Structures are given as C-alpha cells and as structure tokens.
Undergrad: 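Pasting in a structure now, in structure tokens, and then I'll have a few things to ask.
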Amino acid sequence: GLLKAAQSTEYEVHFAKRAIASAPVGNDTSSLWSDVIHGSIELGLWDDAYAGLMAAPYDRLRRDYARQLVHRMCEEQAIEKLVRFSFGGLVEDVVESLAFKARNADPRVRPSYSRILYAWYMARSDYRSGRSQDCNASDGLLTPPTAAKVMYQRSRKLTTLAAAEPDQYFPLSEANLESLLVCMNALALVDAKNPFIVVQYTPGLGRVPLTKNIPEDRLGGARRDSEC
C-alpha cells in the first residue's frame, strides 16, 4: 500500500538524481528534474525538494514546482521551515501564490494563508514597507500587502463574514479583533513616522466616509494618499 508507494517514489528520486549526474551536457533533463522535485515533495523531504528546485536549470519547471512546494508545506504545517527558505529568484512566485490564497480562501479554514503570509513577511522584517511587488487593486490596498496589511485584509474578510452569518458573530468578531491586534503589533515595529495602512475608500450603501488626509510630515517622503 502506502509503504510500497513511498519506496517506489524513493527509488524514482534516487535513480533520477543518478541519471542527472551522468547525463551528457546539453541533454534535456527536465523530466528527471521533475521526478526529483515532485518525488521529494510527495515524500515530505522539504530540504531535498528545495535543493532540487533551486538547482534545476529550467525556469518554467522551477516556477511551477515552487508553487507546489509552498502549498504542500502549508498543508503539512511546515511553516517554520518554509519561511526560512530564501527561494532566490522565485520569491515573487512564492509571495504571489500565498497572497492569492490569502485573498480567496475562507479565513476560518486551515491552512490559514493569511497567517502564513504574515509569518513570511515578519521573518523578513517587512512590516509595512511594501518591498514585495504583490498588489491587487480589488483588495482596496494601495500598496502591496506586507505583514500589517495582510492581517488588516484578514480582518476585513472576517467583518464581511460576521455580517453575512449573524449566528457566528461572536467567534468571528473575536478572530477579527485578534487580526487587528496582530496588525497593530506589526505597525508598532515600523518607523514612528509611518504607523498606518493606506487603503482605498469605495463608497457603498450605508457606508459613511471617514476619509482624512494624512499629514504630509507623517508620510516620510512617500506619496500623498488618503487614509480611510
């Protein structure tokens, strides 16, 4: 059963590695690299999968398997190891993949991609700077979702769910409060001139605009947006 399947995958990975090592220069070894990376992911050998991912000379293959590795590690709760991997030139693919899941997944289910993305940014001391290039206008965030923004985004989703499911109001509100506290904790770590999140206000039925201009001296040289 499962043991035999695992042994078969181990052999496949082993022989694929040997075939790569002995392949003549210039030969197409993409299928062998695929066997190594995919097999290592299936076996839960995260370090081996990551090493194969970074060593493979095929960009498209590396990008595809980067997403697979990230999602599998999230599903298996290997978050601490995941955030320690640097991913080199694949960082944008990793962040985009996590951010997509954080935007679209139910914030109540596991794995919690919002928390995972938050851990990713915190491990890189990226609290609100927006150094990452992942940004989606539909989120209402005018700058990329770094640590504080990820948790603010989670809070907004929980607010929407609480309004749609009155019977779940209290547990959802408790989770919402926790998200806002974590968001504020991240903002407490940034420069005192920039302890805010810039968002886009979208008028809607029953919504009262609370927009106020952020004083120029609080922007630290950044662009002049509005805070809602």
Side-chain angles (χ1 to χ4, degrees), residues 41 46 50 63 66-87 90-190 194-202 204 225 227-228:
I41 292 174
W46 312 128
Y50 178 75
R63 294 179 64 184
R67 298 185 183 95
Q68 288 190 33
L69 175 60
V70 167
H71 292 158
R72 188 62 177 272
M73 292 184 74
C74 290
E75 291 170 358
E76 299 296 333
Q77 295 296 308
I79 311 307
E80 186 175 345
K81 183 176 285 291
L82 172 64
V83 301
R84 288 205 306 266
F85 289 155
S86 68
F87 282 97
L90 298 171
V91 168
E92 288 189 17
D93 294 281
V94 171
V95 172
E96 179 184 345
S97 183
L98 289 173
F100 178 83
K101 289 286 190 178
R103 287 194 303 269
N104 295 287
D106 188 324
R108 297 168 294 185
V109 303
R110 293 183 180 275
S112 174
Y113 285 97
S114 295
R115 294 177 183 277
I116 294 168
L117 188 55
Y118 172 82
W120 172 276
Y121 285 129
M122 291 297 286
R124 287 153 179 77
S125 302
D126 201 349
Y127 311 122
R128 78 166 292 278
S129 68
R131 288 192 295 271
S132 171
Q133 296 304 306
D134 181 80
C135 187
N136 188 296
S138 64
D139 299 334
L141 302 178
L142 299 179
T143 50
T146 51
K149 296 183 183 70
V150 167
M151 298 313 291
Y152 176 71
Q153 181 186 69
R154 174 180 168 83
S155 169
R156 287 172 55 168
K157 293 185 72 173
L158 289 165
T159 297
T160 301
L161 285 170
E165 303 178 23
D167 59 320
Q168 295 296 311
Y169 177 82
F170 288 107
L172 288 170
S173 295
E174 184 177 346
N176 191 354
L177 177 60
E178 179 193 25
S179 296
L180 289 173
L181 288 173
V182 173
C183 172
M184 289 188 288
N185 285 341
L187 290 176
L189 298 172
V190 306
N194 300 300
F196 51 77
I197 297 174
V198 181
V199 300
Q200 183 178 29
Y201 172 70
T202 304
D225 285 323
E227 181 182 32
C228 303

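The model shown is predicted, which means the values in this text are computed figures rather than measured ones.
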Undergrad: Hey, are the side chains of C74 and L98 touching, using non-hydrogen atoms and a 4.5 Å cut-off?
TA: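 With C-beta onward as the side chain, the pair touches.
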
Undergrad: Can you see which heavy atom on Q77 is nearest to which on P111, and at what distance?
TA: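 Result for this residue pair: NE2-CB, 3.8 Å.
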
Undergrad: Measuring only between side-chain heavy atoms, which start at C-beta, is V70 closer than 4.5 Å to I116?
TA: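 Result no, sub-4.5 Å side-chain heavy-atom pair not found.
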
Undergrad: Out of curiosity, L180 CG to N185 CG, how far, rounded to the nearest 0.5 Å?
TA: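 It comes to 11.0 Å.
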
Undergrad: Can a donor-acceptor pair be found, under 3.5 Å and without considering hydrogens, that links the side chain of R154 to the backbone of P107?
TA: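 Pair found, side chain donor or acceptor close to backbone of P107.
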
Undergrad: Could you tell me whether the side chain of R124 and the main chain of W120 form a donor-acceptor pair under 3.5 Å?
TA: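 Yes; at least one donor-acceptor contact below 3.5 Å.
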
Undergrad: Would you mind reporting whether E75 and R72 have side-chain heavy atoms less than 4.5 Å apart?
TA: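 In contact.
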
Undergrad: In Å, rounded to the nearest 0.5 Å, how long is the span from CZ of R156 to NZ of K149?
TA: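 It comes to 12.5 Å.
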
Undergrad: Please round to the nearest 0.5 Å and tell me the distance separating atom NZ of K157 and atom CG of D106.
TA: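 Answer rounded to 0.5 Å: 7.0 Å.
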
Undergrad: Could you pull out the closest heavy-atom pair between M122 and A186, with the gap in Å?
TA: SD-CB, 4.4 Å

Undergrad: Taking all atoms of both residues into account, what is the closest heavy-atom pair of Y121 and V150, and its distance?
TA: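 That closest heavy-atom pairing would be CE1-CG2, 3.8 Å.
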
Undergrad: Kindly give the heavy-atom pair with the smallest separation between A105 and Y113, and that separation in Å.
TA: CB-CD1, 4.5 Å

Undergrad: Can you tell if the side chain of W46 reaches within under 4.5 Å of the side chain of L69, non-hydrogen atoms only?
TA: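 Contact flag for W46/L69 side chains = yes.
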
Undergrad: Find the distance between OH (Y152) and CG (L187) and round it off to the nearest 0.5 Å.
TA: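 Atom-to-atom, Y152:OH and L187:CG are 11.5 Å apart.
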
Undergrad: Can you name the residues that form a salt bridge (Lys or Arg N to Asp or Glu O under 4.0 Å) with R115, not counting sequence neighbours?
TA: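 If we apply the salt bridge (Lys or Arg N to Asp or Glu O under 4.0 Å) test to R115, skipping adjacent residues, the hits are E178.
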
Undergrad: Looking only at heavy atoms, what is the nearest atom pair of S86 and V91, with distance?
TA: O-CG2, 3.2 Å

Undergrad: Atom CE in M184, atom CE in M151: separation rounded to 0.5 Å?
TA: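 That separation rounds to 11.5 Å.
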
Undergrad: For Y50, what residues pass the ring-ring contact (aromatic ring centres under 6.0 Å, His included) criterion, not counting sequence neighbours?
TA: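 Counting only residues at least two positions away or on another chain, Y50 forms a ring-ring contact (aromatic ring centres under 6.0 Å, His included) with F85, F87.
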
Undergrad: If you take all heavy atoms of A148 and C183, which pair is closest and at what distance?
TA: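 For A148 and C183, the tightest heavy-atom pair comes out as O-SG, 3.3 Å.
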
Undergrad: Do L117 and K101 come within less than 4.5 Å of each other through their side chains, counting heavy atoms only?
TA: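 No; the side chains remain at least 4.5 Å from each other.
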
Undergrad: Please list every donor-acceptor pair under 3.5 Å in which a side-chain atom of residues 167-177 meets a protein atom from a residue at least two apart or in another chain.
TA:
{"residue": "S173", "atom": "OG", "partner": "Y169", "partner atom": "O", "Å": "2.8"}
{"residue": "N176", "atom": "OD1", "partner": "S155", "partner atom": "OG", "Å": "2.4"}
{"residue": "N176", "atom": "ND2", "partner": "T159", "partner atom": "OG1", "Å": "2.8"}

